[in-house]
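Index from 1, following the sequence. When a ligand or atom number is given, it counts from 1 through the structure's own listing order. Being a predicted model, the structure only gives us computed values, none of them experimental.
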Amino acid sequence: MVVNAFEVSGKIDYTKLVDKFGSNLISDSLMDKLEALTVGKGRVPRMHRFLRRGMFFSHRDLDTLLRQVEAGAPMYLYTGRGPSSQSMHLGHLIPFLFTKWLQDALDVPLVIQMTDDEKFLFKGHYDDQTGDNLLDFQSLTMENARDIIACGFDYNKTFLFSDLDYVGSMYPNIVRIWKAVTTNTVNGIFGFDGSSNIGKIAFPAIQAAPSFASSFPVVLEADRNSNHLCLIPCAIDQDPYFRMTRDVAHKLVHKQHGLGGKPALIHSKFFPPLQGAEGKMSSSNTNSAIFLTDSPDDIERKIKQHAFSGGRETKKEQQELGADLEVDVSYQWMRFFLEDDDELEKIGQDYGSGSGEYWNTGKVKGRLIEILKELVAEHQERRATITDEEVRKWMAERSIVKNST
Ligand code: TRP
């Protein structure tokens, strides 16, 4: 298994990963605490299915953060996206769907970083004839921003920014982080070496900076004396950035800050590619992913042809043994996207035992196709209404705190 900020592959053992990274599994008592502060406050009807089903499964300091928020400390959410492709896929949606729920459930401001700078440094190019493609990444930011806004965030409490555009306000904190972290540390965490361009080595500080409220003097009306706590929902492959951040955090805040400046984290597992429950979905293999731009026919074809089946070879075997749900991609995807717990359980029971309405792969794929056609169509409808002008409004530096309670 390989999991780092640049590669996810192999069969992932999440318990081992938590051990290796040094984060913590979300315990039942922490889940109860989170439920009390969200569902208990009447802001959301139930815990998100990603929590009910263990997709968000690991954390750092979430317990301490919740205790302090309960006692009245201000907090905000921070997440982000590297805009590397024109069209986002279902896997990219996971952290944003969950962040939207957290925003509602906790009623807090949210900042979303678009790392167009990162994607240029890692994937961009320079050509002697045609120049470089930096600005392509900036336009991908605008495209992806529309998909993110379409997830339903609250405009009054959300600030979306492109690094290329907003970096100035964060710069004092970026410089502080640069000063606090050595090249050896960054190389150790991210695997860079002397042949890496110097932007790669500098970039982790730019992803770290939004973890500090003082990077948002206007947006969060914060300064270095602020007590704001930061919670970062992200896939667990982003954890290395925030381990680095947490190690130097005390240098960026005042001595009384509740978490010594450290951002808290809540980590998700990866969304499996169509071909099988290993690694994570990738944009570069179009048959491994369902894109938010796919047509109903694309969705149907990809799932029918490519979704890895845990079903058996013959009808007889399927009826005797049932499907292997662990490796069955259609079933695993339903765990992410089918909201109804009772229906999911029935499908699991039928398919896993080879009997009843959903006894075989065809039936299960059919239901998944319905679910995803609906989800993608609704997303496309919302996205179509979002103009460039609208995106610019979300990206305008403005206070997002006065509207929060
Ligand atoms: N590096 C992330 C990516 O490539 C983008 C990102 C920036 C991010 N800041 C973040 C992701 C905070 C999660 C949380 O997609």
Under 3.5 Å, side chain of Arg49 to main-chain N/O of Arg335, donor-acceptor pair present?
no
Margin query: Suppose we call two aromatic rings close when their centres sit under 6.0 Å apart. Are Phe216 and Phe161 close by that rule?
Written below: yes
Between Phe190 and Phe203, does a ring-ring contact (aromatic ring centres under 6.0 Å, His included) hold up when you go through it step by step? CA-CA 11 Å; Phe190 296 95; Phe203 174 74; 8.6 Å; no
request  = Go through Val376 and Phe291 one step at a time and tell me if the side chain to side chain contact (heavy atoms under 4.5 Å, CB included) criterion holds.
outcome  = CA-CA 8 Å; Val376 171; Phe291 293 90; over 6 Å; no
Please tell me if the side chains of Val108 and Leu231 come closer than 4.5 Å, counting only heavy atoms from C-beta onward. no
By ring-ring contact (aromatic ring centres under 6.0 Å, His included), Tyr76 pairs with (sequence neighbours left out) none
Find all protein N or O atoms under 3.5 angstrom from an N or O atom of ligand 1 and list the pairs with distances, or write 'none'.
from: ligand 1; atom 1: 1 (N); to: Glu118; atom 2: OE1; distance (Å): 3.0
from: ligand 1; atom 1: 1 (N); to: Glu118; atom 2: OE2; distance (Å): 3.3
from: ligand 1; atom 1: 1 (N); to: Gln207; atom 2: OE1; distance (Å): 2.9
from: ligand 1; atom 1: 1 (N); to: Gln238; atom 2: OE1; distance (Å): 3.0
from: ligand 1; atom 1: 4 (O); to: Glu118; atom 2: OE1; distance (Å): 3.4
from: ligand 1; atom 1: 4 (O); to: Lys119; atom 2: NZ; distance (Å): 3.2
from: ligand 1; atom 1: 9 (N); to: Tyr78; atom 2: OH; distance (Å): 2.9
from: ligand 1; atom 1: 9 (N); to: Gln113; atom 2: OE1; distance (Å): 3.0
from: ligand 1; atom 1: 15 (O); to: Gly82; atom 2: N; distance (Å): 3.0

